[in-house]
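First listed ligand is number 1; within each ligand, the first listed atom is number 1.
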Amino acid sequence: MKKKWIITGCAVVAVALLILGGTRMYQKPLKVLADNDDVYIGSSIRYEPLTDNPVYREIAVTEFSTWTPENAMKMNALQPVRGQFEFEEADTIVAMAEEHGIRVRGHTLVWGESLPGWVHEQAVDAASAKQILKEHIQQVVSHYRGKVDAWDVVNEAWNEDGTLRDTIWLRTIGPEYIPLAFQWTHEADPEAELYYNDFENEVSNSKSEAMLQALTEWKEQGVPIDGIGMQMHLDAADPRFSPTAIEEQFNRFAEAGFLVAVTEMDVKLQNLHSDNPAEVQARRFDKVLEICLKTPSCREYTVWGIKDDVSWVTQQESPEGRPLLFDELGEPKEAYHRLKRTLLF
Ligand code: XIL
């Protein structure tokens with residue numbers, strides 16, 4: 001009889017300790033919980049709020065273990081005039097990340113957008129365009145060598161129908177601008193992890209099939225492509241959302257030998273008619289994190305911004321977008337709590 005009471009007593013104490021421990025852990029920031037799961041949890045970072053807005057900075061530093069400069073490393077920011085590199089803002093972000101032990105993902109070396117005007121005048125044929133691209137990549141990647149761990153080398157190269165997007169790089173150089181960019185990046189920093197990054201590639205469709213086939217062929221030929229970034233700009237109202245389809249895609253990319261990363265996740269709300277939008281949003285954020293945690297090749301889950309008011313969706317699409325983990329006051333939303341629960345249990 002006595003023995004039974006002792007066992008029951010021990011069990012009660014063990015459960016109480018577990019709950020207490022869980023509650024304690026629950027108060028820890030995202031990045032501390034994510035560390036136990038061996039995954040980086042990140043946000044895109046803008047220069048201005050990082051330097052001017054204490055609430056933004058506090059969340060950036062305490063909650064996230066990887067940062068992606070949101071605009072400061074795009075070509076128009078880094079090389080506004082040919083040959084004149086402006087590293088100041090990106091350097092400030094990188095230095096602050098370093099100071100706090102935060103990893104940096106570089107974004108992005110080659111894209112058809114955010115180009116300085118001079119590129120359109122000076123990249124007139126294959127030779128001139130290759131020279132411009134090579135110089136840009138070499139300067140930027142060697143400047144950040146050892147400081148930027150992963151690069152989105154090429155961004156958004158395919159159309160929805162699986163053809164290559166009509167960018168200045170495709171028009172002048174042709175499809176080989178993609179493998180060349182990876183090669184040049186690798187030469188400038190052989191240690192960095194190199195990614196191809198795009199949106200709507202997280203499920204099978206014409207675009208992602210064309211992308212996977214081309215990246216796989218190039219990789220087999222020895223092009224240094226380490227991973228595939230899935231931006232994951234999601235619409236909470238999109239009825240096609242399917243965790244099963246996303247999980248299958250993560251597995252396919254991993255089986256083809258690629259690392260995978262969630263690089264720009266947000267879940268916009270402006271099109272959703274629901275009694276509980278916060279719940280729908282939280283579920284989408286959470287399902288994608290669960291899939292990343294289940295996939296050994298997924299080591300990064302990055303959200304595209306910190307506070308709802310400093311989001312490209314809220315600012316460029318609709319004030320009703322509110323697609324992030326923290327509201328405009330910097331208060332955590334349902335999605336934030338849900339991610340923590342998933343990281344914890
Ligand atoms: C967006 C930024 O969030 C905005 O501040 C900027 O005005 C335009 O670019 N895909 C990408 C990102 O790869 O670089 C884009 O970022 C969002 C879509």
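Taking Ile, Leu, Val, Met, Phe, Trp and Tyr as members and joining any whose side-chain heavy atoms lie under 4.5 Å apart, directly or through other members, the hydrophobic cluster of Val313 also contains Trp304, Trp312.
A salt bridge is absent between Arg252 and Glu255: the closest approach of a Lys/Arg side-chain nitrogen to an acidic carboxylate oxygen does not fall below 4.0 angstrom. Note on Glu187 versus Lys134: no salt bridge recorded, every NZ/NE/NH1/NH2 to OD/OE distance being 4.0 Å or above.
Each salt bridge (Lys or Arg N to Asp or Glu O under 4.0 Å) pair with one or both residues in residues 170-184, not counting sequence neighbours, appears once here: Lys130-Glu176, Asp166-Arg171.
With sequence neighbours excluded, the residues that form a side chain to side chain contact (heavy atoms under 4.5 Å, CB included) with Ala192 are Trp151, Asp189, Leu194.
Distance alone, capped at 3.5 Å, is enough to place a donor-acceptor pair between the Asp308 side chain and the Leu324 backbone.
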Once you restrict both partners to nitrogen or oxygen, which atoms of ligand 1 have a protein partner under 3.5 Å, and how far apart are they?
unit_1	atom_1	unit_2	atom_2	d
ligand 1	3 (O)	Glu70	OE2	2.5
ligand 1	3 (O)	Trp304	NE1	2.9
ligand 1	5 (O)	Glu70	OE2	3.4
ligand 1	5 (O)	Asn71	ND2	3.0
ligand 1	7 (O)	Gln316	NE2	2.9
ligand 1	9 (O)	Lys74	NZ	3.0
ligand 1	10 (N)	Glu156	OE2	3.1
ligand 1	10 (N)	Gln231	OE1	3.4
ligand 1	10 (N)	Glu264	OE1	3.1
ligand 1	13 (O)	His107	NE2	3.3
ligand 1	13 (O)	Asn155	ND2	2.9
ligand 1	13 (O)	Gln231	NE2	3.3
ligand 1	13 (O)	Glu264	OE1	3.3
ligand 1	13 (O)	Glu264	OE2	2.8
ligand 1	14 (O)	Lys74	NZ	2.7
ligand 1	14 (O)	His107	NE2	2.7
ligand 1	16 (O)	Lys74	NZ	3.2
ligand 1	16 (O)	Trp304	NE1	3.3

